[in-house]
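Only one structure is covered here, and it is reproduced in the block below.
All values derive from a computational prediction rather than experimental measurement.
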Amino acid sequence: TKGAPVEVTGTGSGQVKAWGPLDIEKLNYQATSEFFRGTVATESFDVLHFDVVGENGVASSKRIKMTKASGQLEMRGILKPAWTIDSVLVGRGLRLEQSEFINKIGLDIQGQTDFNFVIRGPLKKPQMELNGRLSKVIIGDLPQDDSAFRLDFTNAKMTGSGQFLGNKVQTQFVFPLEPKAPFLFELKTNNWDFTNLFTLVSKSATQMDFQTALTMDIKLRAEEEGFWNSTGLVEFKEFKLRHGADIMKSDGPMKLMFNKGTINSDNFSISSGENFLKLHVANFTKDHWNAALNGKMDLSMFGLFLPFISDLRGLVALSVDLKGSYDKPLLSGSTFLDKAYIKFREFPHPFSNLRADLLFNQQTLMINALSTELGGGKLSADGKISFVTHDNVPIDVKGSFTDVTVNIPEGFKTHGSGQVSLKGQKFPYTMDIQYEVQSGDITAEFAAQGAAAIKASPYLPKFVQQESFEPFRFDL
């Protein structure tokens, strides 16, 4: 069944019997089949039964059932010759951690999902209804409260509601699928610590040092023309971000006020002493964007979003303007880093006393000047990164380093100077390093007996580690 709308693989057998006129509206038939250890789309199964009967052209499910470990997926219903359907798909006891799709995208989640999916009407424009529940969920290593959700689809709109993580996140919405349909979006959170969500993709110890509290209420609606014609209020009643002893929080409610598609902000800022981050929105509409973000912060507050960095300190000042329109957004801004200390998780040496002056827009990031201390020496660089498309991001950065002492790979300690450049259109980029080694030491330990475990350094060229993703090609 390769090349079909839904690809099915497996080993099994089947039988088909048919009688009556060769007319789809009058044909009678019976089909039975059984497959083992296969896949439907990207999801594997243990056993798949596909038994259907047809009477006067009307197809009815006799047994359409897929089993995967202790979970089951069963479909019941009919398909008429006029290509109208009345069917329900029932999922029971399906384990999230056994899903190939979830594992492929790297989510660290366990739990169980149960759902009913009903589809009725013409196949080209059916009405659909989904009711589901997530239970026994563990994100990272943390157990979560149950969640329930509902989605309804018609030709004109998509309607839904949900209660997630117990009562911490509640929502209901109506999204129009045609211009004249109504729009509604309501979202309410109650003292929600959303740092738990970051453990979906990382168990960084740095992230574990963070704690957040978010209480907000969003109520937007429009009779037609959707979000960009909505009226209502987005109110952050409480926002708090804590890292160690440092806390940034809102000073009173933060508001975004909507009036028939025109958006204005009120008191939308968080602060901690001299550090602050402030958003200003004035007469912002679909065709006329006007927003600015300014701030001065401790770099450590960004560690929550950068799990590949084990230690992050220093000061950052930023200024961002968002102009243009929905069809043609215009982004511009600048960022200045001072006295920064950055330790990457997979790199043995920190970058200390880092200073950088960056300019950017929606197409280019310019590195005007970057200087830092590395391995007791100095490193400086400049260049640019262009954003053409999601898979075409040209990089042209050049730099030099002097009097550095590095231990790369482990056990190979060298001292010297040289030049480095990073170029390319997309991953993997080419890193060209010209290194003049002035002195060095090689240290290795050899076991007297027994087998020694050998692990490739992550800094060796790509051909050494074919199984891992390589962002760079090295030209040494």
Side-chain angles (χ1 to χ4, degrees), residues 108-109 137-145 147 162-171 185-220 232-258 263-281 291-320 322 335 337 340-342:
D108 187 5
I109 185 172
V137 173
I138 298 176
I139 297 178
D141 296 323
L142 302 174
Q144 308 293 326
D145 293 331
S147 302
Q163 185 167 310
F164 301 95
L165 307 174
N167 66 345
K168 291 184 177 65
V169 181
Q170 302 173 58
T171 184
F185 181 65
E186 296 183 359
L187 177 65
K188 187 174 184 178
T189 69
N190 180 29
N191 197 32
W192 179 30
D193 183 2
F194 57 82
T195 55
N196 291 342
L197 295 183
F198 289 91
T199 61
L200 275 170
V201 294
S202 171
K203 293 183 180 179
S204 166
T206 304
Q207 291 175 326
M208 299 304 166
D209 292 336
F210 284 86
Q211 184 178 4
T212 59
L214 175 60
T215 299
M216 71 174 180
D217 197 357
I218 300 176
K219 292 183 178 180
L220 301 174
L233 181 66
V234 175
E235 182 177 15
F236 288 71
K237 297 180 179 180
E238 180 188 21
F239 179 85
K240 185 184 298 183
L241 172 61
R242 182 192 64 79
H243 178 232
D246 297 327
I247 299 178
M248 294 196 74
K249 61 181 181 178
S250 56
D251 183 17
M254 301 185 296
K255 299 179 181 179
L256 290 175
M257 297 165 290
F258 288 66
I263 310 170
N264 289 279
S265 63
D266 179 35
N267 193 39
F268 215 96
S269 65
I270 58 175
S271 61
S272 174
E274 295 182 353
N275 295 330
F276 70 94
L277 186 65
K278 183 176 182 179
L279 174 67
H280 179 69
V281 181
L293 180 68
N294 296 280
K296 183 179 72 171
M297 297 178 60
D298 190 316
L299 266 177
S300 64
M301 289 297 183
F302 291 93
L304 176 63
F305 312 101
L306 303 170
F308 51 87
I309 294 179
S310 60
D311 196 356
L312 182 63
R313 289 173 262 158
L315 300 174
V316 57
L318 59 89
S319 176
V320 183
L322 183 59
T335 301
L337 305 178
Y341 180 95
I342 302 176

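- Asp209 CG to Asp246 CG: the interatomic distance, rounded to the nearest 0.5 Å, is 11.5 Å.
- Contact record, Phe302 with Met297: CZ-SD, 4.0 Å, taken as the closest heavy-atom pair.
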Verdict with reasoning, Leu197 to Trp192, per side chain to side chain contact (heavy atoms under 4.5 Å, CB included): CA-CA 11 Å; Leu197 295 183; Trp192 179 30; 3.4 Å; yes

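- The shortest distance between side-chain heavy atoms of Ile270 and Phe239 falls below 4.5 Å.
- Looking at Ser272, its side chain never comes within 3.5 Å of a backbone N or O of Met248 through a donor-acceptor pair.
- Considering only heavy atoms from C-beta on, His280 stays 4.5 Å or farther from Phe268 through its side chain.
- To the nearest 0.5 Å, atom CG of residue Leu277 and atom NZ of residue Lys296 are 13.0 Å apart.
- Counting only heavy atoms from C-beta outward, the side chains of Lys255 and Leu233 approach each other to under 4.5 Å.
- If you take CD on Glu238 and CG on Asn190, they are separated by 9.5 Å, rounding to the nearest 0.5 Å.
- Contact of the Gln211 side chain with the Thr195 side chain is not registered, since no non-hydrogen atoms from C-beta on lie closer than 4.5 Å.
- Inter-residue side-chain proximity for Thr189 and Phe194 is flagged as unmet; no heavy-atom pair is nearer than 4.5 Å.
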Worked check of side chain to side chain contact (heavy atoms under 4.5 Å, CB included) between Met216 and Val234: CA-CA 8 Å; Met216 71 174 180; Val234 175; 5.6 Å; no

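- A distance of 4.0 Å separates CD1 of Ile139 from CD of Gln144, quoted to the nearest 0.5 Å.
- Nearest heavy atoms, Ser265 versus Leu256: CB-CD2, 3.7 Å.
- Phe164 approaches Ser147 most closely through the heavy-atom pair CA-OG, 3.3 Å.
- Rounded to the nearest 0.5 angstrom, Met301 CE and Arg242 CZ are separated by 9.5 Å.
- Note that the CG atom of Asp217 and the CD atom of Gln170 stand 10.0 Å from one another [nearest 0.5 Å].
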From CA spacing to verdict: side chain to side chain donor-acceptor pair (under 3.5 Å), Thr212, Asp193: CA-CA 5 Å; Thr212 59; Asp193 183 2; 2.8 Å; yes

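- Here the rule is side-chain contact (heavy atoms from CB on, under 4.5 Å) with Lys168, and of Thr215, Leu214, Asp145 only Asp145 fits it.
- In this structure, Asn267 contributes its side chain and Pro253 its backbone to a donor-acceptor pair below 3.5 Å.
- A donor-acceptor contact shorter than 3.5 Å links the side chain of Thr171 to the backbone of Glu186.
- Ser319 and Asn294 are linked by a side-chain donor-acceptor pair at a separation below 3.5 angstrom, with hydrogens and angles left out of the test.
- Considering every non-hydrogen atom in both Ile342 and Ile309, the closest pair reads CG2-CD1, 4.0 Å.
- Nearest heavy atom pair, residue Leu299 against residue Ala340, reads CD1-CB, 3.6 Å.
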